Amino acid sequence: MDEHHSAEEELIKNRVAKMERLRERGDEPFKYLVDFHAIPVTREEGESDDAYRIAGRDAIGSVRARFEAAEPQGTDAAPVYVGVAGRMVSFRDHGKTVFANLRDETGQIQVYLAKKHLSEAAFEALKDLDIGDFIAVAGKVFRTRTQEITVEVRGYTILSKSLRPLPEKYHGLTDVETRYRQRYLDMVANPEVLNTFRRRVQVVNTMRDWLNRRGYLEVETPMLHPIPGGATARPFITHHNTYDRDLYLRVAPELYLKRLIVGGFEKVYEINRCFRNEGVDTRHNPEFTTMELYEAYQDYMGLMDETEEMLVAIIEATVGGLEFDYQGDRINAARPWKRITLFEAIREYAGIDLEATQDRDKAAELARSIGVDVDPTMGYGKIVDEVMSAKVQPHLIQPTFLYDYPLEISPLAKKKRGNPTLTERFQPFIGRLEVGNAFSELNDPIDQRERFMDQVRQREKGDDEAQFLDDDFITALEVGMPPTAGLGIGIDRLVMLVTNSASIREVILFPQLRTL
RNA sequence: GAACGGGUAGCUCAGCUGGUAGAGCAUCGGACUUUUAAUCCGGUGGUCGCGGGUUCGAACCCCGCCCCGUUCACCA
């Protein structure tokens, strides 16, 4: 029987054959370093022996700048000699000349490989190069007749052979599944993806810098929790062999960070992953990154000011101003941001008053009257939350703080001064996205125990997202925690905003997908 | 978990009422000394997501399953 070759196998076979030819000719296809001195060059008459003896690799971005600076003086008199290395992303063969494009992290540049400027062997060996290969070239810079800055190559060498074809150059890679499963292909084929993740770094760096400057200490608390706490969410379960005990991947660092405030730190934060064993959609990935901070001797109103300052600093540093577009909306982050109580917002956007009644059934009836689904297991607080999500959140395009949340959906927040049915809690919303959650931290151990017991009752009624009683945390509060305010920011969502990304998967390098 | 949309060459996509699987790019061979989605000539390349069924005949119709996307549910 004939051997069966798929197109893909055939393409790889061709490239492997080229790789072997390179090796046979003594040109190792996977080099260890870039060594421009080892590249044979063909010099023009009058050029000195070391005209092309490039000391080190030039960043492609810097080549343009150098050439443009030298240009007015006339580059014939003072040629710009360069050595660049990168991935070859295009290859246009014209017979006696070849144009290719090289890309490194700083940019892309066209290179011109002409028979008359290369040794016969070098020109012949171009046949064994493929799009995707890493090569190094030595040459001098000129402008083509279409004014494109180009390297006239006098010598080149393969650095690393690419054995698989890159996605098509014009349409790129659009299949989202392949983009996420093989992110490296996405990055190569769609260079703007690199910018999204560069901006993600900028968000985190700016935030960290902002916090460090204000005296916050960055700490690392456990990812493996014996009792999952700090958020109402279903955890992932894992197992420790030596202790022969199940552990939970953390759903939030909150309870550990507050223990540090008990211990004597006054400003702490942690930027790290959380894990929640829940649904996946455009705003939710099973693992996601949060920043949580705790500040002693502060309350939620003071923290609201700081949150606004910090987010504005991040927006300015990343989008370069206070205005930016998010998914079709123009967002203006100029201070001060709108601040409105949760119940005012419900009156304003949903047209019902859930504050006047504390009665669960009346609230359910009101919610249904405006088309919000309410199921029998939902308590008063949950109904309020549901109405907020359905009727208020879609209007929160411009930066807005909602504050004063119902007690029963805020088991770790302090009761509001003068109104024990509410808690001192706020959430910032931008572009319809909930980007954070903050409160005056509950530091009364008696109250905290009661709130946990409420959660335990919820759990017994079948709510598997309800929180567990954490006795050691209560013990810590009994030792005494100063008045403290705490904030959590969803880093992924913040990055979605400043990169105008519709899906959280666009801002996570390797989003969780079903294993094949 | 539910509804809807999708899965055809390495990539991007066509494929009508069921009648021998197509194009562009890439690749291979040839031509070409400033091209840039280079151009021109010729060729290779397919388990049409997987498994059943209906039919003389299925990429297309029916059933089941897998994967992706969107919306909803849950949640941050």
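Chain identifiers are assigned alphabetically (A, B, ...) following the order of the sequence lines, protein sequences preceding nucleic acid strands; residue numbering begins at 1 within each chain. It should be emphasised that the depicted structure is a prediction, and the values quoted were computed from it without experimental measurement.
Residue side chain A/T174 does not reach the base of B/rU12 through any donor-acceptor N/O pair under 3.5 Å, judged by distance alone. One can find a donor-acceptor pair under 3.5 Å joining the base of B/rU35 and the side-chain atoms of A/R92.
Remark: the backbone N or O of A/R234 is paired with a side-chain donor or acceptor of A/E278 at under 3.5 angstrom.
Looking at heavy-atom distances under 4.0 Å, A/R179 makes no contact with the nucleic acid at all. Residue contacts for A/G436: at a heavy-atom cut-off of 4.0 Å it reaches no nucleic acid atom on any strand shown. Residue A/D281 is in base contact, counting any heavy-atom pair closer than 4.0 Å across all strands shown.
A/H171 places its NE2 atom 11 Å from the C1' atom of B/rA23, with the value rounded to the nearest Å. Atom C1' of nucleotide B/rG46 and atom CD of A/E9 are separated by 12 Å, given to the nearest angstrom.
Checking B/rA76, B/rA37, B/rU34 against the side-chain heavy atoms of A/F99 singles out B/rU34 as nearest. Side-chain proximity of A/T232 to the nucleotides B/rA76, B/rU33, B/rC28 is greatest for B/rA76. Of the listed nucleotides (B/rA37, B/rU33, B/rU35), B/rU35 has the atom at the smallest distance from the side chain of A/R145. Of the candidates B/rA76, B/rC68, B/rU70, B/rU70 carries the atom nearest the A/T282 side chain, counting heavy atoms from C-beta on. Residue A/H94 places its side chain closer to B/rU35 than to any other of B/rU35, B/rG10, B/rA76.
Applying the 4.0 Å criterion to OP1 and OP2 of B/rU34, one finds that A/K116 has every side-chain N and O outside that range. Note on A/K169: a side-chain N or O is less than 4.0 Å away from OP1 or OP2 of B/rA38.
Residues A/E148 and A/D375 each lie close to RNA chain B; by heavy-atom proximity, the contact nearer the 5' end of the strand is made by A/E148. Along RNA chain B, the nucleotide nearest A/A502 and the nucleotide nearest A/A100 are compared for position; the residue whose nucleotide lies closer to the 5' end is A/A100.
The partner of B/rG51 is B/rC63, by the rule that a Watson-Crick or G-U pair needs both atom distances under 3.5 Å.
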